[in-house]
There are 2 protein chains.
Amino acid sequence: MKQEAKAAAGGPATLWDRTRQLASREILDTALRLFTEQGYDETTIAQIAREAGVSQRTLFRYFGTKEELLGGDQERFGRVLTETVGGQPTGTGAWEALRAGVAAVLALHESREDALERFRLLHRTASLRAGWLEKRLRFQEDLLPLVEARMDGVRDSSDPGARAVVAAAFACLDAATTTWVAGDGEGDLMDLYDRSVAAVRGRP
Amino acid sequence: MKQEAKAAAGGPATLWDRTRQLASREILDTALRLFTEQGYDETTIAQIAREAGVSQRTLFRYFGTKEELLGGDQERFGRVLTETVGGQPTGTGAWEALRAGVAAVLALHESREDALERFRLLHRTASLRAGWLEKRLRFQEDLLPLVEARMDGVRDSSDPGARAVVAAAFACLDAATTTWVAGDGEGDLMDLYDRSVAAVRGRP
DNA sequence: CGCCCCCCTGGCAGTCACTGCCAGACTAAC
DNA sequence: GTTAGTCTGGCAGTGACTGCCAGGGGGGCG
């Protein structure tokens with residue numbers, strides 16, 4: 001399991017790494033294609049493996065679960081999110097810092113179309129949404145100490161304040177993406193997020 | 001499939017209905033006991049069925065999924081929620097109406113201990129949390145029109161405002177229960193919810 | 001009371017995601 | 001060239017869940 005360390009570096013050094021990366025891409029592309037073509041639940045692992053030219057066993061070695069085939073690099077999302085929020089200058093308010101984090105994560109998507117395609121799939125499939133929400137919870141937990149430090153008046157862990165603010169920010173992001181997908185990608189996602197926050201905080 | 005209609009009525013009329021209700025109770029109790037004893041993931045359907053004295057097939061006829069064995073009557077939650085929010089007098093603000101709904105749902109729990117036990121299980125098991133969050137999404141969708149009507153300045157479906165407020169309210173509820181469980185049931189849940197809302201809306 | 005219809009139940013086989021185990025092939029280092 | 005470390009595929013197994021089919025038992029009817 002050394003491929004993770006290598007993946008971070010720029011150029012693939014050994015032949016194995018290159019093969020791995022190639023296979024990984026092939027699997028990922030095949031999966032996304034089949035998912036969009038015929039739906040997530042209707043696509044079986046066996047089919048993806050067959051069309052990608054690997055065995056099921058190998059596919060599961062690359063991606064532990066079916067969800068990971070769609071999620072892309074969700075750990076990267078989490079990393080960018082916490083780093084951005086944590087990297088905001090001291091004195092930045094909690095909401096401002098969270099906004100910067102959201103903006104950074106949204107900027108990670110390759111293109112508007114790619115983002116729309118993924119979000120659409122995510123919103124259509126119940127099981128996928130559930131998985132995504134669960135991952136969100138982990139991000140929230142990671143953000144908690146960072147946000148707590150930027151809020152005054154929060155005393156100890158028995159105060160739900162910081163947790164509520166983080167969860168509310170994600171709720172706004174969710175409302176924004178849902179509206180965005182419902183409107184077929186019309187408008188700017190970040191603008192929808194801002195309007196969501198404004199509605200929640202009661203300042204128009 | 002007539003048992004649903006009968007269940008709404010007060011007294012069980014026929015012998016079948018009584019048998020059904022008895023079996024249902026037995027399964028539910030067995031499941032909850034095993035879940036708390038050895039954990040959700042570690043408990044198999046086969047074990048629950050065996051100890052409850054029914055076949056797996058029958059168990060799945062009573063409860064479509066493993067999650068339903070813990071969720072209790074989540075549809076009832078949804079019903080109470082929407083009815084309460086919708087039943088608030090006109091002129092009541094969105095946040096106020098949602099607060100009333102949350103209070104009504106929390107009041108449904110049999111006892112503090114029962115609620116704590118279920119929440120604890122819910123927060124411990126990742127797969128369960130995901131399922132619960134997904135159900136929450138459906139509640140949010142149901143509440144959307146009700147809340148939209150109580151907000152001024154919301155124009156059409158391209159405005160994420162109402163959706164954001166509903167999602168934020170659930171986020172506050174989530175923060176409250178998480179804090180409540182983390183503190184082993186100390187304090188009042190509704191009070192934690194109020195403090196969460198206050199933190200989000202920026203009024204101390 | 002006897003009849004038939006219908007509902008409910010249990011068992012069996014099958015699907016799908018996912019895991020452990022093992023043998024074989026290939027790469028990399030010496 | 002040999003050896004050591006990886007990667008791969010296949011196979012069997014688990015666990016949630018579903019469709020199908022036969023059998024038993026209740027409920028309404030004459």
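In what follows, chains carry the letters A, B, and so on, assigned in the order in which the sequence lines appear, proteins first and then strands, with residues in each chain numbered from 1.
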query = From the list C/dC12, C/dT19, C/dA17, which nucleotide is the closest neighbour of the side chain of A/Ile45?
reply = C/dA17

task = Would you mind reading off the distance between A/Glu68 atom CD and C/dT19 atom P, rounded to a whole angstrom?
result = 10 Å

message = Categorize A/Ser127 for me: base, sugar-phosphate, or nothing, with a 4.0 angstrom heavy-atom threshold over every strand shown.
response = nothing

ask   = Is A/Phe63 touching bases, backbone alone, or none of the nucleic acid, heavy atoms closer than 4.0 Å?
value = nothing

Heavy-atom closest pair, residues B/Phe35 and B/Lys66 = CE2-CE, 4.2 Å

remark   = Side-chain atoms of B/Arg61 come closest, of D/dG10, C/dA17, C/dT9, to C/dT9

remark   = Testing D/dT18, D/dG15, C/dC16 for proximity to the side chain of B/Thr44, the answer is D/dG15

note = B/Asp41 atom CG is separated from C/dT19 atom P, nearest whole Å, by 12 Å

key: Residues B/Arg25 and B/Asp29 bridged, charged N to O under 4.0 Å   = yes

key: Whole angstrom value for the distance that separates P of D/dT18 from CZ of B/Phe60   = 7 Å

query = Is the closest basic N to carboxylate O distance between B/Glu51 and B/Arg33 below 4.0 Å?
reply = yes

key: Residue mapping more 5' on DNA chain C - nearest nucleotide basis, B/Gly53 or A/Tyr40   = B/Gly53

query = Counting only side-chain N and O atoms of A/Tyr62, is one of them less than 4.0 Å from OP1 or OP2 of D/dC7?
reply = no

task = Just compare C/dT19, D/dA16, D/dG19 and give me whichever is closest to any side-chain atom of B/Arg57.
result = D/dG19

task = Of all the heavy-atom pairs spanning B/Leu133 and A/Glu134, show the shortest one and how long it is.
result = CD1-N, 4.4 Å

request  = Look at B/Arg20 and C/dT9 and indicate whether a side-chain polar atom (N or O) is within less than 4.0 Å of OP1 or OP2.
outcome  = yes

request  = Could you verify whether a donor N or O on one side chain and an acceptor N or O on the other, from B/Thr43 and B/Gln38, lie under 3.5 Å apart?
outcome  = yes

task = Specify the separation, in whole Å, of atom CZ of B/Arg18 and atom C1' of D/dG25.
result = 15 Å

ask   = In whole angstrom, what separates B/Glu42's CD from D/dG15's P?
value = 11 Å

request  = Could you work out which one of D/dC17, C/dA17, C/dG11 sits closest to the side chain of B/Ser55?
outcome  = C/dG11

query = With sugar-phosphate meaning primed atoms plus P, OP1 and OP2, does A/Thr65 contact a base, only sugar-phosphate, or nothing at under 4.0 Å between heavy atoms?
reply = sugar-phosphate

key: Rounded interatomic separation in angstrom, taking NZ from B/Lys66 and C1' from C/dA17   = 14 Å

message = Output the rounded distance in Å from CD (A/Gln56) to C1' (D/dG13).
response = 14 Å

request  = Measure from CG on B/Leu59 to C1' on D/dG15 and round the result to the nearest Å.
outcome  = 14 Å

